Amino acid sequence: MLEFDDAQQQLAQGAAAPTRSTRVPLYQAAGLVLATDLTAALDLPPGDNSAMDGYALRYEDYAAAGATPRLPVQQIVYAGQEPAAQVPGQLTRLFTGSLMPAGADTVIMQEDTRSGGDKAGGLVELLAEPKPGQHVRRRGEDVAAGQPLLSAGTRLDAAHIALLASQGLAEVTVHPAVRVGILTTGDELVAPGAPRSNHQIYNSNGVMLATLVNGMGGRATHVLHARDDEASLQDALRTLTDECDLVLSVGGVSVGDKDLVKPALESLGGTLALWKVRMKPGKPVAMAHVNGKPVVCLPGNPVSAYAVFTVLVTPLLRRMQGRTELFPQVSFLTLRTPKPRHDAREEFLRVRRVVNPGSVGELEVFDRQSSGVMSSLPWATGLARIPAGVPIYDGEKVAYYDFRHWQA
Ligand code: AMP
Ligand code: MG
């Protein structure tokens with residue numbers, strides 16, 4: 001039996017990081033991984049501008065204006081307009097995002113003024129003493145040109161993409177999406193939407209794994225199904241290892257008569273490492289290389305496949321995507337369990353994180369932990385790890401693998 005942590009490390013080494021890169025429009029970049037370090041080319045904001053609706057002035061003119069300062073409006077500047085230089089002793093009417101006129105250094109917000117009319121020449125009374133430089137967003141204070149912007153290996157989401165757009169970029173250099181082929185196996189399975197006889201069940205792993213892969217920024221390009229015979233498995237595996245970068249097969253890999261994925265891989269020239277990983281749910285997990293492509297074999301049970309994909313397979317996918325962070329964060333949270341938890345294998349319980357006022361969160365355990373209970377999956381927010389052979393009692397802290405991090 002292989003320990004869970006060793007299996008996770010070995011799987012993560014199952015393929016090399018990508019070398020190819022391609023340019024894509026920002027609109028198509030979500031989920032893809034930055035292939036180069038990027039440096040800011042532009043100061044952000046590109047010029048000093050106002051953080052408020054109000055009036056710009058030279059701070060020294062306020063001090064010189066006496067006890068009830070009233071100053072005339074020199075000009076009105078809307079966001080997007082180019083101001084004239086500030087005339088000493090006058091105000092510039094401006095708005096959030098308006099460029100500061102050269103010479104002005106301070107903004108008084110309009111709530112602190114009484115206006116004699118918003119037009120050039122109108123007199124405005126200043127009701128509160130400003131601090132020098134207040135309400136001005138300085139050129140480059142957010143991002144300065146020349147400073148590191150984003151590093152290679154970052155998976156791009158809306159926040160990164162917005163930052164790139166703010167630099168004026170319309171495209172970005174990324175690694176191409178990893179093409180993932182999924183192979184479901186089993187004579188008992190029918191596709192959702194098709195009629196079903198009594199002895200059949202619907203195939204849930206195909207669409208489940210495709211959804212998980214796509215959610216991570218991979219691309220599930222193929223979802224094939226093979227019957228439990230070697231020829232059918234070989235055919236499908238040949239296609240997938242030809243046309244994809246990574247293959248995930250599911251089911252047919254334990255020790256039953258119909259578990260023919262292993263011989264099918266071997267007949268295609270794959271040398272297969274089959275591990276009984278000391279984990280629950282899970283256990284049979286295998287990896288082979290066929291045609292230079294990694295093939296990972298997951299247990300057929302949907303709950304097991306979901307858990308094994310999440311904690312064992314995602315580091316490998318992240319590595320193939322070119323990401324720098326392969327192992328997302330694990331937090332330590334209090335387990336709430338009516339009975340002690342104890343198993344000879346490392347157990348991953350389906351749990352739900354609940355945050356009560358004043359606490360960082362506690363983990364509630366789904367009451368039915370049998371690996372056949374698929375209804376636990378939408379309920380759960382993550383997996384709690386119970387160490388092999390160590391009983392865990394109510395109130396103890398355990399490692400928590402949050403799906404939001406581990407399936408991203
Ligand atoms: P196996 O590893 O092929 O023996 O599968 C283990 C269990 O998971 C069996 O009860 C299968 O019917 C079930 N199973 C396998 N593949 C799927 C699938 N794609 N969708 C739903 N259940 C599956
Ligand atoms: Mg099967």
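Note that ligands are numbered from 1 as they come in the structure, with each ligand's atoms numbered from 1 the same way. Because only heavy atoms are used, hydrogens play no part in the values below, and waters and symmetry mates are left out as well, while side chains stay in. Numbers here simply count residues along the sequence, with the first being 1. Because the structure is a prediction, the values reported are computed rather than measured.
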Glu188, any N or O under 3.5 Å of ligand 1 N or O: yes

message: Quick check: closest heavy atoms across Arg139 and Asp48, and the distance to 0.1 Å?
response: N-OD1, 2.7 Å

- request: Test side-chain hydrogen bond (donor to acceptor under 3.5 Å, both in side chains) on Thr334 and Glu362 and set out the steps.
  value: CA-CA 5 Å; Thr334 302; Glu362 294 182 335; 5.1 Å; no

message: Is the ring pair Phe4/Phe348 parallel, tilted or perpendicular, if the boundaries are 30 and 60 degrees?
response: tilted

task: Apply side-chain hydrogen bond (donor to acceptor under 3.5 Å, both in side chains) to Gln110 and Ser115, showing your working.
output: CA-CA 8 Å; Gln110 69 187 37; Ser115 165; over 6 Å; no

- prompt: Given Leu91 and Arg93, is the side chain to side chain contact (heavy atoms under 4.5 Å, CB included) satisfied, shown in steps?
  reply: CA-CA 6 Å; Leu91 300 174; Arg93 173 68 166 134; over 6 Å; no

- prompt: Atoms of ligand 1 less than 4.0 Å from Ile201 heavy atoms?
  reply: 12 (O), 22 (N)

task: Heavy-atom contacts with Asn301 under 4.0 Å: which atoms of ligand 1 show up? List them by number with element.
output: 6 (C), 7 (C), 8 (O)

- request: Before signing off on this row, confirm whether Gly300 and ligand 1 have an N or O atom pair separated by under 3.5 Å.
  value: yes

Sub-4.0 Å atoms of ligand 1 with respect to non-hydrogen atoms of Gly252: 1 (P), 2 (O), 3 (O)

field: Salt bridge present between Asp5 and Arg385 (N-O < 4.0 angstrom)
entry: yes

message: Check for me whether Val250 has a heavy atom closer than 4.0 Å to any atom of ligand 1.
response: no

message: Between Arg350 and Gln369, does the side chain to side chain contact (heavy atoms under 4.5 Å, CB included) criterion hold? Intermediate values first, please.
response: CA-CA 7 Å; Arg350 278 144 278 155; Gln369 290 288 331; 3.5 Å; yes

- request: Check each atom of ligand 1 against the heavy atoms of Asn203 and keep those under 4.0 Å away; list them by number with element.
  value: 18 (C), 19 (N), 20 (N)

Sub-4.0 Å heavy-atom approach of Pro302 to ligand 1: yes

- request: For Ser204, counting its heavy atoms only, list the atoms of ligand 1 lying under 4.0 Å from any of them.
  value: 20 (N), 21 (C)

field: Trace of the side-chain hydrogen bond (donor to acceptor under 3.5 Å, both in side chains) decision for Thr92 with Gln75
entry: CA-CA 5 Å; Thr92 293; Gln75 60 183 333; 3.2 Å; yes

task: Determine whether any heavy atom of Pro299 lies closer than 4.0 Å to an atom of ligand 1.
output: no

Ligand 1 to Asn205 polar contact by distance, N or O atoms, under 3.5 Å: yes

- request: For Tyr202, counting its heavy atoms only, list the atoms of ligand 1 lying under 4.0 Å from any of them.
  value: 20 (N), 21 (C)

message: Can you tell me if Gly186 contacts ligand 1 (heavy atom of the residue under 4.0 Å from the ligand)?
response: no

query: Salt bridge between Arg179 and Asp245, side-chain N to carboxylate O under 4.0 Å?
result: yes

field: Distance flag for atom 10 (O) of ligand 1, protein heavy atom under 4.0 Å
entry: no

